[in-house]
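Since this is a predicted model, take the numbers as computed values, not measurements. Numbering of residues begins at 1 and proceeds along the displayed sequence.
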Amino acid sequence: MNNSPLLEDLRLFCVVARKHSFVESAKELGASPAYISKRIALLESALGVRLFHRTTRSVVMTEEGSDVHDWAHRILNDVDQMMETISTAKNVPRGTLKISTSFALGRIYVSPLISEFAALHPDLKIQLELFDRNVDMINEGFDLDIRVGPAHEPHLFAKRILGSQRVLCASPAYVKRQGLPKTVAELTRHQCLVIRERNESFGIWRLMGPTGLETVKVSGGLASNHGEIIRQWAIDGHGIILRSIWDVAASLKSGALLRILPAYSQEADLCAVYPLQLKNSAKIRECVKFLQKHLDVHVER
């Protein structure tokens with residue numbers, strides 16, 4: 001209905017009900033008695049009932065007025081609690097924080113840090129879900145997505161939390177059997193293990209090198225949508241992979257994998273993506289700040 005009562009008129013009504021007087025209510029509210037009388041009349045018109053019996057000395061609630069007072073009291077309390085909750089949520093992490101990220105990043109790095117973050121905020125409920133696909137943050141209800149690469153969706157916000165890159169790798173057995181590619185173009189003649197990355201076209205590798213950006217279409221006998229499977233296939237000698245340095249750092253260190261074309265890499269910064277500005281959500285803001293601080297210490301590069 002177009003003439004629904006205003007919240008402020010309900011507040012004014014509750015004051016009059018408490019004071020039993022337009023004059024005394026006007027003094028408390030810093031308004032004129034005529035203004036108070038006018039707003040009560042508009043509220044009565046909107047509700048279609050008489051709220052007060054008026055005398056020369058006081059006003060007394062009608063039976064309908066008493067019912068309205070009970071409803072108004074509950075409504076205004078709910079509104080006040082809502083505003084307090086929203087205001088608090090901007091400053092104190094509370095409620096449920098739903099986070100998404102990729103399988104490898106989530107299992108190896110994000111989940112241990114979320115465990116630490118949860119210990120600092122015991123009143124915060126956290127859900128962490130892992131995917132090797134892009135998530136629709138709004139429709140799927142996620143508050144935070146930790147991803148490789150920035151946000152391409154215009155309605156989302158993003159913050160870089162760690163600089164990183166993807167590198168080319170293969171096992172010593174593969175290199176011994178097939179040799180080393182000397183140029184990016186030669187990758188087309190090699191077995192390349194392709195993964196459907198969350199932010200990359202399938203089978204298209206874009207690499208930055210000494211002469212700038214080079215793009216190559218690669219293929220091979222094996223492909224998967226799971227990064228850890230692809231990495232293990234590379235260790236088993238099945239081909240060349242393009243993976244984030246943090247994902248292959250341990251394998252490179254142990255010698256299970258070797259860098260291929262080390263002058264080339266692909267930018268792959270870790271970013272926090274979220275649908276609300278950080279100033280409006282303490283739970284998102286504090287989690288992003290925590291990950292930005294601690295990922296740099298934990299991630300192998």
Would you find more than 12 non-hydrogen atoms of other residues, nucleotides or ligands less than 6.0 Å from Lys217 atom NZ? yes

So for atom NZ, which belongs to Lys159, do other residues, nucleotides or ligands contribute more than 12 heavy atoms lying within a distance under 6.0 Å? no

Going by the angle between their ring planes, with limits at 30° and 60°, are Phe290 and Phe117 parallel, tilted or perpendicular? tilted

Anything under 30° is parallel, anything over 60° is perpendicular, the rest tilted; go ahead and classify Phe103 against His226. parallel

When you measure from the side chain of [X] to the backbone of [Y], do you find a donor-acceptor pair of N or O atoms at a distance under 3.5 Å?
X      : Y      : answer
Thr188 : Ala185 : yes
Tyr274 : Arg285 : no
Glu186 : Lys182 : yes

Ionic contact status for [Y] with [X], cut-off 4.0 Å:
X     : Y      : answer
Arg11 : Glu28  : no
Lys98 : Glu140 : no
Arg39 : Asp9   : yes

Could you go step by step and tell me if Leu270 and Trp246 meet the side chain to side chain contact (heavy atoms under 4.5 Å, CB included) rule? CA-CA 10 Å; Leu270 300 185; Trp246 50 262; 3.7 Å; yes

Ala263: which residues meet the side chain to side chain contact (heavy atoms under 4.5 Å, CB included) condition with it, sequence neighbours left out? Pro210

Set of ring pair (Phe, Tyr, Trp, His ring centres under 6.0 Å) partners for Phe52, sequence neighbours left out: Phe13

Determine which pairs satisfy salt bridge (charged side-chain N to carboxylate O under 4.0 Å, His left out) with at least one residue from residues 43-55, sequence neighbours left out, and list them in order. Glu44-Arg54

Check the hydrophobic clustering (I, L, V, M, F, W, Y; side-chain heavy atoms under 4.5 Å; chains of links allowed) and say if Leu10 and Val49 are grouped together. yes

Whichever hydrophobic residues join Met208 through chains of side-chain contacts under 4.5 Å: Leu213

List the residues meeting side chain to side chain donor-acceptor pair (under 3.5 Å) with Gln232, not counting sequence neighbours, and say none if there are none. Asp236

For Arg160, enumerate each residue passing the salt bridge (Lys or Arg N to Asp or Glu O under 4.0 Å) test, keeping only those at least two apart in sequence or located in another chain. Asp269

